[in-house]
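Let me begin by presenting the structure, written as C-alpha cells, before commenting on it.
Every value quoted in this text rests on a predicted model; they were computed, and no experiment measured them.
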Amino acid sequence: ASFDNTGSSLSSTFTYKYSVGTSWSTEMSEGFDVSTTVSAEMKASFWGRFEATIGVSHATGYNWRQVSTQAQQERKEFTVETKVPGGKAIKIQQTTGSCGSSDVSTEKFRSVEVMANGEFG
C-alpha cells in the first residue's frame with residue numbers, strides 16, 4: 001500500500017486495508033476436510049517447507065521457523081489509518097510467502113517514507 005502526499009504542504013490521513021493469516025489453496029482446503037489428523041499433518045508439512053526452504057529471510061528478517069499463530073490462522077482483514085505529512089509519500093510493505101496456491105500474510109510490516117525530492121526520510 002502506498003500514499004503520495006508530496007504535492008501538498010498539509011498532513012493527510014492515509015487509510016489502508018491489510019490482512020494477516022493464511023489463504024489455503026483449494027487442494028489444501030479439501031484435504032483438511034478428510035480428518036483432523038490429515039489436516040494436522042498437512043499443516044505441519046506446509047509450515048515445515050517454509051522452515052526448511054526459507055528459514056530466516058535475508059530480505060525481510062522474518063523468521064519462517066517461528067511463524068506466529070496469527071499468521072497460521074485463517075486470513076483476517078484489518079483497516080488502519082496513519083497521518084502522512086505534507087511533502088512526503090509512504091509505502092507500507094508486508095512480509096508474505098507462498099507455497100503452491102496457498103498464501104501467507106504475516107504480521108511483519110515496514111514503512112518507507114519518501115520526501116518530495118525523492119530522498120528517503
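The nearest pair of heavy atoms linking Val67 to Ala71 is CG1-CB, 3.7 Å. In plain terms, the two heavy atoms of Pro85 and Ser11 that are nearest each other are CA-OG, 3.6 Å. Among all heavy-atom pairs drawn from Glu107 and Ser68, the shortest one is OE1-OG, 2.7 Å. Ser12 and Asn5 get closest at one heavy-atom pair: OG-OD1, 3.4 Å.
Judged by distance alone, the side chains of Thr60 and Ser57 do bring a donor and an acceptor atom under 3.5 Å apart.
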Identify every side-chain donor-acceptor pair in residues 96-103 under 3.5 Å, counting partners at least two apart or on other chains, and give the distances.
residue : atom : partner : partner atom : Å
Ser98   : OG   : Asp103  : OD1          : 2.6
Ser102  : OG   : Ser25   : N            : 3.0

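Formation of a donor-acceptor pair under 3.5 Å by the Thr106 side chain with backbone atoms of Thr95 is found in this model. For Thr53 (side chain) and Arg49 (main-chain N/O), a donor-acceptor pair under 3.5 Å exists by modelled atom type. Of the possible donor and acceptor atoms, one in the side chain of Ser8 sits under 3.5 Å from a partner among the backbone N and O of Leu10.
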For Lys108 and Gln94, run side-chain contact (heavy atoms from CB on, under 4.5 Å): C-alpha distance rounded to whole Å, both residues' side-chain angles, the deciding distance at 0.1 Å, then the answer.
CA-CA 6 Å; Lys108 183 168 180 144; Gln94 181 179 21; over 6 Å; no
Verdict with supporting geometry, Phe14 and Glu81, side-chain contact (heavy atoms from CB on, under 4.5 Å)
CA-CA 5 Å; Phe14 173 37; Glu81 289 185 352; over 6 Å; no
Mind running side-chain contact (heavy atoms from CB on, under 4.5 Å) on Lys83 and Thr13 for me, showing each step along the way?
CA-CA 5 Å; Lys83 293 279 187 189; Thr13 301; 3.1 Å; yes
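Identified under the salt bridge (charged side-chain N to carboxylate O under 4.0 Å, His left out) test for residues 69-79, with sequence neighbours left out: Lys17-Glu77.
Between Glu51 and Arg65 there is no salt bridge, since no side-chain nitrogen of the basic residue lies less than 4.0 Å from a carboxylate oxygen of the acidic one.
The hydrophobic clustering, which links ILVMFWY residues whose side-chain heavy atoms are closer than 4.5 Å, places Val104 and Phe32 together. Hydrophobic cluster membership differs between Val20 and Phe46, with clusters built from Ile, Leu, Val, Met, Phe, Trp and Tyr side chains linked at under 4.5 angstrom. Two different hydrophobic clusters hold Ile92 and Tyr62 under the rule that ILVMFWY side chains link at heavy-atom gaps under 4.5 Å.
Note: Thr37 OG1 to Met42 CE = 13.0 Å, rounded to the nearest 0.5 Å. Thr36 OG1 to Glu41 CD: the interatomic distance, rounded to the nearest 0.5 Å, is 11.0 Å.
Using the six-membered ring where Trp is involved, Phe109 and Tyr18 have ring planes that are perpendicular, over 60° apart on the 30 and 60° scheme.
In this structure, Phe3 has its ring center at least 6.0 angstrom away from the ring center of Tyr16.
Taking 4.5 Å as the limit, every side-chain heavy atom of Val112 sits out of range of all side-chain heavy atoms of Ile90.
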